[in-house]
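Each remark here refers to the structure printed beneath this line.
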Amino acid sequence: MKLTEAFYLRDDVIAISKDLLGKYLFTHIDGLTTGGYIVETEAYNGIIDKASHAYGNRQTPRTKTMYLRGGIAYVYLCYGIHEMFNIVTSVEGRPQAILIRAINPTEGLDVMLSRRNMLAVKPNITMGPGSVAKALGISRNINAFSLQSDTIWIEDRGLVFPDESIAAVPRVGVSYAAKDALLPYRFYVKRNPYVSKPNK
DNA sequence: GTTATGATCTCCT
DNA sequence: GGAGATCATAACG
């Protein structure tokens with residue numbers, strides 16, 4: 001059930017991003033389990049990708065997590081407000097990562113509602129990377145945690161989307177990355193209500 | 001030490 | 001449709 005390390009250690013971050021659609025992401029934090037299946041991802045292709053934090057082989061306290069062995073979490077703060085959850089892939093020394101932009105929640109709905117200060121389930125509960133992290137209780141203190149741990153992990157439950165229901169489009173919020181912003185590194189499940197707005 | 005800015009969300013109009 | 005929130009990070013002096 002739980003995805004093994006071999007899944008994350010592959011070198012093709014684009015293929016892994018696509019493969020992650022339909023996989024179930026779970027967290028067990030503060031004694032509470034929450035999760036759902038992934039419906040939107042974005043690939044960040046290492047040192048040659050201008051949109052990546054590791055562009056140009058940049059090594060800093062923040063990005064060092066990306067250089068570790070694949071199969072761990074990379075969590076950072078964006079805009080001073082939002083925690084972002086990424087999955088590190090490929091082998092040690094190759095800083096590739098995948099941003100989880102949206103999930104379709106299936107477990108722990110009541111917990112997610114209270115974490116999001118919402119009264120009823122609406123698509124925006126886990127739509128967009130900042131919302132996903134908040135609903136799942138993800139914060140920077142699980143940065144670099146292994147996805148083989150019992151705090152955060154990903155399962156294959158046999159859910160597969162056919163190619164024609166998967167869209168590949170340019171990424172969101174990376175206009176500073178010049179022509180790399182045009183690469184179709186954002187993948188999502190067509191017509192799923194939890195997919196975030198831009199380019200839908 | 002200082003400063004500019006962002007892999008965004010929410011609320012307001 | 002648009003602005004404000006809010007701070008760690010990274011680059012620079």
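All chains are named by letter (A, B, ...) in the order of the sequence lines, taking the proteins before the strands, and each is independently numbered beginning at 1. Side chains included, hydrogens not; waters and symmetry mates left out as well; all remaining heavy atoms used.
The side-chain contact (heavy atoms from CB on, under 4.5 Å) check on A:Ile81 picks up nothing, with sequence neighbours excluded. In this structure, A:Ser146 has no side-chain hydrogen bond (donor to acceptor under 3.5 Å, both in side chains) partners at least two apart in sequence or on a different chain. With sequence neighbours excluded, the residues forming a ring-ring contact (aromatic ring centres under 6.0 Å, His included) with A:Tyr37 are A:Tyr24, listed by chain and number. Annotation: ring-ring contact (aromatic ring centres under 6.0 Å, His included) contacts of A:Phe145 (sequence neighbours excluded): none. Residues forming a side-chain contact (heavy atoms from CB on, under 4.5 Å) with A:Val111 (at least two apart in sequence, or on another chain): A:Leu32, A:Thr34, A:Arg115. Residues passing the side-chain contact (heavy atoms from CB on, under 4.5 Å) test with A:Ala135 are A:Met112, A:Arg116, A:Thr126, sequence neighbours excluded.
Nearer the 5' end of DNA chain C, as judged by each residue's closest nucleotide, is the contact made by A:Ile81, out of A:Arg140 and A:Ile81.
Salt bridge A:Asp150/A:Lys2: present, at least one basic N to carboxylate O contact under 4.0 Å. Salt-bridge annotation for A:Arg101 and A:Glu40: present, with a side-chain N of the basic residue lying under 4.0 Å from a carboxylate O of the acidic one. Looking at A:Glu5 and A:Arg69, a side-chain N of the basic residue comes within less than 4.0 Å of a carboxylate O on the acidic one, giving a salt bridge.
Residue pairs satisfying the salt bridge (charged side-chain N to carboxylate O under 4.0 Å, His left out) criterion with at least one member in residues 71-86 of chain A, sequence neighbours excluded, are listed as follows: A:Glu83-A:Arg140.
Between the side chains of A:Ser17 and A:Glu42, no donor N or O sits under 3.5 Å from an acceptor N or O.
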Solution key, residues 154-163 of chain A side-chain donor-acceptor pairs under 3.5 Å, sequence neighbours excluded:
| unit_1 | atom_1 | unit_2 | atom_2 | d |
| --- | --- | --- | --- | --- |
| A:Glu155 | OE1 | A:Arg157 | NE | 2.9 |
| A:Glu155 | OE1 | A:Arg157 | NH2 | 3.2 |
| A:Glu155 | OE2 | A:Trp153 | NE1 | 2.9 |
| A:Asp156 | OD1 | A:Gly158 | N | 2.8 |

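Nucleotides of DNA chain B with any atom under 4.0 Å from a heavy atom of chain A span, from 5' to 3', B:dG6 to B:dT10. Contacts between chain A and DNA chain C, taken as any atom within less than 4.0 angstrom of a protein heavy atom, begin and end at C:dA5 to C:dA11.
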Given Watson-Crick and G-U pairs under 3.5 Å, DNA chain B in dot-bracket ([ ] crossing, | other strand) is ||||||.|||||.
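Annotation: proximity of residues 91-107 of chain A to DNA chain C (heavy atom, distance under 4.0 Å) is found for no residue.
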